[in-house]
Amino acid sequence: MRGFTSRPNTMIVLGLAIASVALAARDPVWTDTWVIVGVYVLIALSTGISYGQAGILSMSQGAFAAVGGYAAAVSTLRFRLPPGVDLLIAAALPALLAYGLARLVTRLSPLATALATLALGSVVEIALRNMDSITGG
Amino acid sequence: LYVLTEYIVRGIQAGSIYGLLALPMSLLFATAGTIDFAVGAYALLAAAVATIVAGPLGIAMGIASAITAAAAMGVIFLVLTRTGTKDHIVFALASFGLAVAIASFILWQFGTQAFVRASFSQFWSLGGIRISPQGVINLGLGALVTLLLYLLLYWSDLGRMMRAAAVNPSGAELAGIPVARIKFGTYLAGGMLGGLAGIMILYSAGLDFTASLSLTLSGFGAAIIFGIASPLRCLLGGIAMGVAEALAAGYTSGMVTAMVPFLFVLIVLSLSNIGGGAMAGDRP
C-alpha cells in the first residue's frame, strides 16, 4: 500500500482513468478517445523502453506501428486470417524489421542512431504509401 | 549514354541545392556538435513567403523569415544550454519540434498548395542536352556560397574563432572567444543558407509543406557522404546526391526516387565508422 502515499499524482490519474473507463462503454466518442489513448500509450511505452531504459533514441517507432497496422489489416482483409493470428503477425513483422535495424544502429553514436532510425522511418512511410497493390496507397 | 549524360547534368544542377542545405549541417555539427533538423523547414518557410510577396522583395523577405525562424531555434539552443542541457540529442529533438511546428504553420496558412515559380521558359541546349538556366544559376550560387564559406572559415578571424570553438569549447572560452554567441550565429547562418536553398527550390523543382524533413535529411546525407568536415565536400556530396536522385528518377519508379535521400543517409551511416571520430566534430 505504500504506492498510494508515495505516488499521489499517479494515483489521481489512475483513479480518473478507471472512472472514465466506466463512462467509455456507454458513449462511442469516449470509446474512440480511449482507443486513441491506448495506441499512444503503447507507442510511448515502446519509446520509453528504447530511449528511457536503453538510451537508444529511435525515431522509427511510428513506422513500426504503421507496419503492424498494415500487417493486421492486410492479413485480415486479404487473407481472411482470424483476429488472433493477425495480431501475432502484426507484432512479429515490426519486430523482425526492428531486429534488422537494431543490428545496424546499436554500434552508432546516439545522434547517428536517431538519424538512421528517422531515415528508415521515412523509407517505410514512402514504401507503404506507394505499394498501392498491397496497402491501398 | 546520351540519356545518361542528360540525367547526370540534371542531377548536378539539382545537387547544388543539396550542397547548400549540407553547409549548415556541417557548420553546426562542427561548432555545436548537434544537428538542426529545422534547416529544411527554413527553406520551406522562405519559399512560402517568397510565393506571396512578388519579386526581389519576396526573395529578401523569404530569406529574412528563414533567418528569423533560425533565430528562434538559436534562442531555444541558448535557453537549453543555460538550463544545463548537455546532451546534443536534446537540441536535435528541439529543432525537430520546431521543424514540425513550421511545417504545420505553413499547412495552416498556405494549405497543401505546391510552391513553385517558373523563372525561365527557354532551355539552353548544349550538344543536344537540355540545360536549364535556373540550374546553372543554382550551381553558380551554390559554388559561390561554398567558396565564400571556405574563405570565411580558413582565412578570417571569425572563421578561426569558429574552428577554435569547435575543437576546444572551454579553451576557446578561456581565450575570450564568445563560444555561445558563435553557436547562435551558426544557427543564424543555417537559417540564411536554408532560406537561400528554399528560394532556389522555389524557382526550380518547387516544394510543398511535406518537404521539410526530406530536405533536412538530403542536406544531412550530402554533408556526411564525403565527410562532414569541409564546405567543399558538402557541395560535392550534394552533387552526388543530386545525380543519384536524377538517375533514380530516370531509371526507376517515383517511389525509389523519393527514397533516395533516406537510403543515402542509411547506407552512409551504416558503412562509415561514424560512431568514432568521423562524427565527433573533429575539425583540424
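In this text the structure is predicted, and so the values were computed from the model without any measurement. Excluded from the calculations below are hydrogen atoms, water molecules and symmetry mates; all remaining heavy atoms, backbone and side chain alike, are included. Just so it is clear: chains get the letters A, B, ... in the order the sequence lines come, proteins before strands, and each one is counted from 1.
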Inset, instruction - Look up atom CE in A:M59 and atom CG in B:L93, then write down how far apart they are to the nearest 0.5 Å. - result: 5.5 Å
Legend entry - Portion of B:A258 that has a non-hydrogen atom of chain A nearer than 4.5 angstrom: both
Legend entry - Least distance between heavy atoms, B:M255 atom then A:A127 atom: SD-CA, 4.1 Å
Legend entry - Passing candidate, side chain to side chain contact (heavy atoms under 4.5 Å, CB included) with B:L266, options A:T117, A:L120, A:L115: A:L120
Inset, instruction - Specify the closest pair of heavy atoms between B:L217 and A:S122, including all atoms of both residues, with the distance to one decimal. - result: CD1-OG, 4.4 Å
Legend entry - Contact class of B:F264 relative to chain A, heavy atoms under 4.5 angstrom: neither
Inset, instruction - Start with the C-alpha distance between B:F262 and A:L118, add both sets of side-chain angles, then the distance that settles side chain to side chain contact (heavy atoms under 4.5 Å, CB included), and finish with yes or no. - result: CA-CA 8 Å; B:F262 307 112; A:L118 185 65; over 6 Å; no
